[in-house]
**Student:** 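Encoded as structure tokens, here's the structure I'll be asking about.
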Amino acid sequence: MSRRARLWSAALGPVRRAAEMRARLGRRSRQTAVEELDGVAIVVLPDVYNPVSNRTGGMLARVLRDAIPVRPPGQPAPRLLDVGTGCGVSAVFAALRGAEVVAVDLNPEAIRNARLNAQLHHVEHRVDVRQGDLFDAVVGERFDIVAFDPPRHVGRPSTFIDLAWEGEDVLERFAATVGDVLAPGGKVLISTRTDSASHTLADTLGFAGFDVRVVAEGRFYGATESIVEAVLRKS
Ligand SMILES: C[S@@+](CC[C@H](N)C(=O)[O-])C[C@H]1O[C@@H](n2cnc3c(N)ncnc32)[C@H](O)[C@@H]1O
């Protein structure tokens, strides 16, 4: 391969990978899938992000599950806000560990899907699913953990499933306002990828006054996916 061809190939790599991921998702999103993650069955409806075929949502769900402490009797359950819940995989994993969850999404199909999975696992009394943009449906409430596996690319979504992949300013708005819904001592858990705009989210949270650290990492489709924990810096 010539030097020019190699340079073009390197430059187009991320674009091609994004197109491949969208194509893969497009095929899966036209039918209902029943996936399995660590022995937990998860139904994924058409037009909803699949955390198992895309692998990345599963990583956040596992970290979240492990972040929910085992409670001595009488202790209040931790409150989790699952932003962009999709099929509800993280919400269900956390509720199965005893967390009280509010799960929000803009996509109405995701709302239906998250309710369905909560019912399937008999945790619907611990998973309150609401439709809304970021924190609009939880104004005035506070959470011990806020989780978000965000859309990774900057763009204007035109279909429900596009919401899983692109947003115009969702990362910046999340970082600027997540502090308003955090309980004292609360933490944020987000997933980021090196080949996408979400890579900047940890830095954006740093500028917004959070201390950030990577708590889990994996290689998926040629990029590094990280789960980043962010806690408000003590002033
Ligand atoms: C990458 S998917 C992750 C879904 C799910 N957390 C999982 O792990 O499978 C991102 C989700 O965020 C939702 N979303 C995108 N923008 C949003 C916004 N502004 N407010 C609420 N949800 C949003 C999408 O509809 C999608 O379900």
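Just follow the structure's listing: the first ligand is 1, and inside any ligand the first atom is 1. In what follows, every heavy atom counts, from backbone to side chain, and hydrogens, waters and symmetry copies are set aside.
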**Student:** State the atoms of ligand 1, each with its element, that fall below the 4.0 Å cut-off from a heavy-atom position in Gly132.
**Tutor:**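 Close to Gly132: 20 (N), 21 (C).
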**Student:** Listed by chain and number, what are the side-chain contact (heavy atoms from CB on, under 4.5 Å) partners of Ala183, not counting sequence neighbours?
**Tutor:**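 Once residues adjacent in sequence are excluded, the partners of Ala183 under the side-chain contact (heavy atoms from CB on, under 4.5 Å) criterion are Arg142, Asp144.
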**Student:** Provide, to 0.1 Å, the distance between atom 20 (N) of ligand 1 and the closest protein heavy atom, together with that atom's residue and name.
**Tutor:**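 Going atom by atom, the protein heavy atom closest to atom 20 (N) of ligand 1 ends up being Leu134 N, 2.9 Å.
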**Student:** Does Val170 approach ligand 1 within less than 4.0 angstrom via side chain, backbone, both or neither, non-hydrogen atoms only?
**Tutor:** side chain
**Student:** Can you tell me which residue and heavy atom of the protein come closest to atom 25 (O) of ligand 1, and the distance to 0.1 Å?
**Tutor:** Asp105 OD1, 2.6 Å
**Student:** Starting from atom 15 (C) of ligand 1, what is the nearest protein heavy atom, named by residue and atom, and what distance separates them?
**Tutor:** Leu163 O, 3.2 Å
**Student:** Write out the residue and atom name of the closest protein heavy atom to atom 11 (C) of ligand 1, then the distance separating them to 0.1 Å.
**Tutor:** Gly84 O, 3.5 Å
**Student:** Hey, is the main chain of Ala94 close enough, under 3.5 Å, to the side chain of Arg65 for a donor-acceptor pair?
**Tutor:**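 It does not hold such a pair.
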**Student:** Using a 4.0 Å cut-off to any heavy atom of Pro51, which atoms of ligand 1 qualify?
**Tutor:** 9 (O)
**Student:** So, Asp211 and Arg213, do they make that salt bridge, N to O below 4.0 Å?
**Tutor:**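 Between Arg213 and Asp211 there is no salt bridge, as every charged N stays at least 4.0 Å from the carboxylate O atoms.
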**Student:** Does this structure show an ion pair linking Glu100 with Arg79, if we count only N-O contacts that are shorter than 4.0 Å?
**Tutor:** no
**Student:** Give the single entry among Pro151, Gly167, Ala61, Pro157 that approaches atom 16 (N) of ligand 1 most closely by any heavy atom.
**Tutor:**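 Closest candidate by heavy-atom distance is Pro151.
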**Student:** Looking only at protein heavy atoms, which one is nearest to atom 8 (O) of ligand 1, and how far off is it?
**Tutor:**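 It is Gly57 CA, 3.2 Å.
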**Student:** Which residue pairs pass the ring-ring contact (aromatic ring centres under 6.0 Å, His included) test with at least one member in residues 106-134, sequence neighbours excluded?
**Tutor:** none
**Student:** Is a donor on one side and an acceptor on the other found under 3.5 Å between the side chain of Thr224 and the backbone of Thr194?
**Tutor:**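 Such a contact is absent between Thr224 side chain and Thr194 backbone.
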**Student:** In terms of residue, atom name and distance, what is the protein heavy atom nearest to atom 10 (C) of ligand 1?
**Tutor:** Asp149 O, 3.2 Å
**Student:** In ligand 1, which numbered atoms sit nearer than 4.0 Å to a non-hydrogen atom of Asn107?
**Tutor:**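 Close to Asn107: 25 (O).
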**Student:** Give a yes or no answer on whether the side chain of Arg130 reaches the backbone of Ala137 with a donor-acceptor pair at less than 3.5 Å.
**Tutor:** yes
**Student:** Would you sort out whether Asp162 and Thr159 count as a side-chain hydrogen bond (donor to acceptor under 3.5 Å, both in side chains), showing the intermediate values?
**Tutor:** CA-CA 5 Å; Asp162 282 351; Thr159 63; 3.3 Å; yes
**Student:** Return the residue, atom name and 0.1 Å-rounded distance of the protein heavy atom closest to atom 22 (N) of ligand 1.
**Tutor:**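 Residue, atom and distance for the closest contact: Leu106 N, 3.4 Å.
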**Student:** Kindly assign one of parallel, tilted or perpendicular to the pair Phe174 and Phe148, based on the angle between their ring planes and the thresholds 30° and 60°.
**Tutor:**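 Phe174 and Phe148: tilted rings.
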**Student:** Provide, to 0.1 Å, the distance between atom 19 (N) of ligand 1 and the closest protein heavy atom, together with that atom's residue and name.
**Tutor:** Asp133 OD1, 2.6 Å
**Student:** Taking only heavy atoms of Thr85 into account, list the atoms of ligand 1 that are under 4.0 Å away from them.
**Tutor:** 5 (C), 6 (N)
